[in-house]
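Beneath this line is the structure, given in structure tokens, with notes to follow.
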Amino acid sequence: MRDNAAVAMKLVKEPVPFKSATVDEITERCNEIYEAVAERAFKFYADDGYLPGHDLEHWFKAEAALLHPLNAEIVEHDNQLVVRVEVPGFDARDLDVRLEPTELTITGKREAGDEDKKLGKTICAECSTKRTFRVIELPLAVDPAKAEAALKDGILELRLPKATEGKKLKVAPTVN
């Protein structure tokens, strides 16, 4: 039986690049997300007439409005992990994929284009989001240098080769 996922990865024209993040870059990204959620939560607070006691409700509502949780599937094969993540509405250029040996971070940000304005005023938009963020702890170590990623039909597929096991050394006693 032929593996359709492998064929699909060859057909994708825009590969999703892997980047190695520094602590400062991750901190900056988290701060940006925190500020955006806090700003949106305050707007909900203002819309409710500045009534106290609904802080968590406003915060969770803001998170849901700004950040779409990405559904993921991780499958282990003999020599690799295959991770499939749903990213509907995002193009390869909208996604930032960062891979460490035991952690995968996916962030996405897309700008609303003029196409939306041509269609008319949006009343409700539950089917899409403009930002997304997901950190996935991998069940085992992988080799980031050999990883591959492809985006097709709203599914980001990552093929992550397992890291090779360390070599066990025998310690010989020193003779004086």
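Here the structure is a predicted model, which is why all the values come from computation and not from measurement. When reading the values below, keep in mind they use all heavy atoms of this one structure, side chains included, and skip hydrogens, waters and symmetry mates.
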Quiz item: Heavy-atom distance under 4.5 Å between the side chains of Val75 and Arg84, does that happen here?
Solution: yes
Quiz prompt | Non-hydrogen atoms of Ala62 and Ala41 that approach each other most closely | solution = CB-N, 3.5 Å
Exercise. Flag yes if more than 12 heavy atoms outside Glu103 fall under 6.0 Å of its CD atom; otherwise flag no.
Key: yes
Practice problem: Please report the shortest heavy-atom distance between Leu156 and Ala149, naming the atom on each side. | Solution: CD1-CB, 4.4 Å
Quiz item: Would you say the side chain of Val82 lies within less than 4.5 Å of the side chain of Ile74, judging by non-hydrogen atoms?
Solution: no
Self-check item: Test item: Asp91 side-chain N/O and Arg93 main-chain N/O as donor-acceptor pair under 3.5 Å
Solution: no
Self-check item: Side chain to side chain, Asp94 and Val87, heavy atoms closer than 4.5 Å
Solution: no
Quiz prompt | Smallest separation among heavy atoms of Ala72 and Ile136, with atom names | solution = CB-CD1, 3.8 Å
Quiz item: What distance do Asp47 atom CG and Lys61 atom NZ have between them, rounded to the nearest 0.5 Å?
Solution: 7.5 Å
Quiz item: Less than 4.0 Å between a side-chain N and a carboxylate O, is that true for Glu63 and Arg40?
Solution: no
Quiz item: Side chains of Asn71 and Val85: closer than 4.5 Å at any heavy-atom pair?
Solution: no
Quiz item: Any link between Phe60 and Val37 through a network of hydrophobic side chains (Ile, Leu, Val, Met, Phe, Trp, Tyr) touching at under 4.5 Å?
Solution: yes
Practice problem: Evaluate the side-chain proximity of Asn31 to Glu28: yes if any heavy-atom separation is below 4.5 Å, no if none is. | Solution: no
Quiz item: Cluster question for you: counting only ILVMFWY and a side-chain heavy-atom cut-off of under 4.5 Å, with indirect links fine, are Leu56 and Ile33 together?
Solution: yes
Self-check item: Gap separating the OG1 atom of Thr107 from the CG atom of Asp96, nearest 0.5 angstrom
Solution: 4.0 Å
Quiz item: Knowing that exactly one of Tyr34, Phe44, Tyr45 qualifies, which makes a ring-ring contact (aromatic ring centres under 6.0 Å, His included) with Trp59?
Solution: Tyr34
Self-check item: Lys146 NZ to Arg159 CZ distance, which is reported to the nearest 0.5 Å
Solution: 16.0 Å
Practice problem: Assess the side chains of Asp48 and His54: does a donor N or O sit below 3.5 Å from an acceptor N or O? | Solution: no
Quiz item: Of the non-hydrogen atoms in Pro161 and Ala147, which two are nearest, and what is the gap between them?
Solution: CD-CA, 3.8 Å
Quiz item: Hey, are the side chains of Leu70 and Ile106 touching, using non-hydrogen atoms and a 4.5 Å cut-off?
Solution: yes
Quiz item: How far apart are the C-alpha atoms of Leu104 and Val83, what are their side-chain angles, what is the distance that settles it, and do they pass the side-chain contact (heavy atoms from CB on, under 4.5 Å) test?
Solution: CA-CA 10 Å; Leu104 173 65; Val83 180; 4.1 Å; yes
Self-check item: Residue pair Ile155 / Glu86, side-chain heavy-atom distance below 4.5 Å
Solution: yes
Quiz item: Which pair of heavy atoms, one from Leu99 and one from Val142, lies closest together, and at what distance?
Solution: CD1-CG2, 4.1 Å
Self-check item: Spacing of CG belonging to Leu160 relative to CG belonging to Asp143, to within rounding of 0.5 Å
Solution: 10.0 Å
Practice problem: Spell out, as yes or no, whether a donor-acceptor pair under 3.5 Å connects the side chain of Lys109 to the backbone of Thr132. | Solution: no
Quiz item: Any donor and acceptor pair, going by atom type alone, linking the side chain of Lys162 with main-chain N or O of His77 inside 3.5 Å?
Solution: yes
Exercise. Determine whether Glu76 and Leu81 make a side-chain contact, defined as any pair of heavy atoms from C-beta on separated by less than 4.5 Å.
Key: yes
